[in-house]
Each structure stands twice: as C-alpha cells, then as structure tokens.
Amino acid sequence: MNRKTLALALLVLAVTACGEKETAPSSAVVAPSATAAAPTLPAATSTEEKILNIYNWADYISANMVADFEKETGIKVNYQTFENNEGLHAKLVAGNSGFDLVVPGAVFAKSQIDGGLLMKLDKSRIPNLGNLDPVIMSKLASVDAGNDYLVPWAWSYTTVGINKGKVVKALGSTPMPDNAWDLVFNPTYTAKLKSCGIAYLDSPTEIIPPAMHYLGRSAYSNAPADHKAAGEMLAKVRPDIRIFTSTMIDDLAGGKACVALGWAGDMNIAHNRAIENKSTNDIEVLLPKTGGLIFFDSLAIPKDAKHPQNAAAFIDYFLRPEVSASLTNELSYATANKAALAKVTPEIAQNKTVFVDAEVMAKMVSPSSFSNEARESMSNVYTLFKKSK
Ligand code: N2P
C-alpha cells in the first residue's frame, strides 16, 4: 500500500527547470539494470589513489555508511558538510574545491550543469543506477537531460514545524491558523510566537521561495518584483524571527525554537530526538493547506574532481537497496531508489509526513531552477531582510 501511495505521489512530482516542461524519454534515464547488489564494488577497478572527498549537507547520511564503504573498499573518505546551496555553489564556481562528490539541490543543479561545473557520470561504473525509480528519473531529466550528471540522494519538502505544546500556549486564545504558513509569515501569529522562538533556515533560496508562494506568486519566480514583494512581506515579521540556522534539529528538539520554517526530514529527526531525550517537546511536521515546497538533492561529481572513479564507486554502493534504505530509515528523508522501498521500515513507510499522501502531494510545489540573476536578486532581498530588525 505504501509503495502504491508513493508511486502515486511521485507521478505528480514534476521537477521543472525555468518553466521548461520537456521530459526526456524514459528509456534514456537509467543505465542497464542490475538490481541485485554487486558482490564487489566498481571500486575494485579504480586506478585512483584510495581517497574520496565528500561534501554534503549536515545531518544527511546514515551512521555507518561511510565506515562500511571504507571497510569494504579501503578508500579513505574525507567527509565535510555545508550549510546551504549557496555555500556549495560558491565553492563549485570558485573551482579547485578538492571535493569528489557533492550534493546540490535540484534548484541549483541545472545552472551547475549548464555552467560546466559538474562532470558527466561514467555510468558503466554505476550498475546500480538500475535501482532508481524511472518515474523520478524522467522528472529529474528536466534538470539533467539524459540523467547524465545527477543521482538522487534524498527528497523532502520545506514546510512549517512546531513544538505543539509551546505553540498552543503562546497563541493563547488565538486558534491555530488554517494555513500553517501563517505561523511563520503572518505578524498576527509571529508576534505571539516570538516568545517561544521562531527559527528560519539561513539561505535566500530557502526563504524567498516559500514567501513568494505564501503571497500567491510562483515560488520559483525569476522576477525581481516578486522577490521585492516577498522582502516587503518578510520585513513585517523580521522583529519576531530570532534564530537563523541550517541545523535546527537541536533547536526544535531542545525547545529553543517552537516554530520553524525548515525541512520536513529534519523536523522528523527533531521529533525522534526529543523522544530519545525523554523531553516533553512534541515536535510536529505541518502540511500547509497550500502545500510545502518539494526539494530534491542529488549526488554529483565536480568537473575538476581528482577521484571520479572512487566517487562512482560510492554512488554505486549508495544505490544498493539496503544502503539507500538506511538513509531513509535513520533520517526520515524519502528515497528515489525504488529497489530500496521494500527495505524501508513500516514506521517510516507509514509516516505521512515522509511519504505524503497523493492528495497532499498534489498541492506541493515542485522544484524548479532559478536564473543566476534571480539568485542574485533574492540574495540582495534576503540580506536586507536579515540586516533590518
Ligand atoms: C538535512 C539537509 C537537508 C537538505 N539535514 C535540504 N536540501
């Protein structure tokens, strides 16, 4: 039943790039299928020194993934984390980042491909590409034609999360709003909630898109007028926003923030962490009635990577069903690995904030990509917003 729900949900997931709606033929999307886990990794044929430098988002990998890969291949992994797409993008643009494997969001990946910042995958080294869901891969082809550069790592959506008890208390006689986005964008609510802490993600492309969406404009508008409108709206709540962060798990779980504009996956981690810590903080992921913003993060190899064969070996290892499933099971981020779905625990598979129902999914905003100019314009609006208090 869950697989069916997921398949339905994914049918409506449309990754569109700059308004382009073209979709590559699905025959072009996957490598020759080899669904069984390979007994030996393509790493065995790597002619490179045994080093792999990975750059990923914080809190975005299962506990043993790196150690198990190192043990099996003898490849030493240097693992570093970044805070947001802007940070990763700047490193790629500057070049010589030293990284062999990075995890850009779909929103940035198209301009990175177009800008020649990424290397084409050597698909012959990644037989487990056949495990990926062809429906998702055909959607991703609107960002990456032919699926030549990106391998989906995980997906989730940007939304509003709350500490239920604290929010109800802070709102007092004011009932919960009909539209959850009000909790972070409407001064009537933020003025009350500032007492228990409102956290925002710290990135222009994480905040301006939901703000435009809240205003009824396209979340992926490239028009400076739309960015400006979002900035004007955000200025009204600025005095109420206390926390800007890219790692809000502990803020939520520990009770420092009672409301967050962030990623559903991290909110689910916070929910579980609060329980583990035996705290009374009850963290809940809300599903705004106007929809959250789907995001899609993918593994990619920088153009000047020194160890692309080792990177391909890691990608193939990650695409084993049990390895992909470990990420979903431990971190509540959904997978595009179809072969992994059978290994997702019932608890996660049935969590409607991870694999959302088809009707909730239908309202979600699909990712798109911004022009370089639009990112610059949003960055200016965001900087002004953050500076003013
Ligand atoms: C997980 C990071 C999620 C990445 N902590 C959002 N694109």
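The structure displayed is predicted, hence computed values, not measured ones. Remember, it's 1-based here, ligands and their atoms both numbered in the order they're listed.
Side-chain N/O atoms of Asn64 and Ser326 include no donor and acceptor closer than 3.5 Å. Between the side chains of Tyr382 and Asp202, a donor-acceptor pair is found at a separation under 3.5 Å.
The aromatic rings of Tyr200 and Phe185 stand perpendicular to each other, their planes meeting at an angle above 60°, with 30° marking the opposite boundary.
Annotation: side chain of Val323 is not in contact with side chain of Phe69 (no heavy-atom distance under 4.5 Å). Two residues are said to be in side-chain contact when any heavy atoms from C-beta on lie closer than 4.5 Å; Thr290 and His213 meet this criterion.
Around ligand 1, the residues contributing at least one heavy atom under 4.0 Å from the ligand are Trp57, Ala58, Asp59, Tyr60, Trp263, Asp266, Phe295, Asp297, Tyr333.
Between Asp148 and Lys123 a salt bridge is recorded (basic side-chain N to carboxylate O distance below 4.0 Å).
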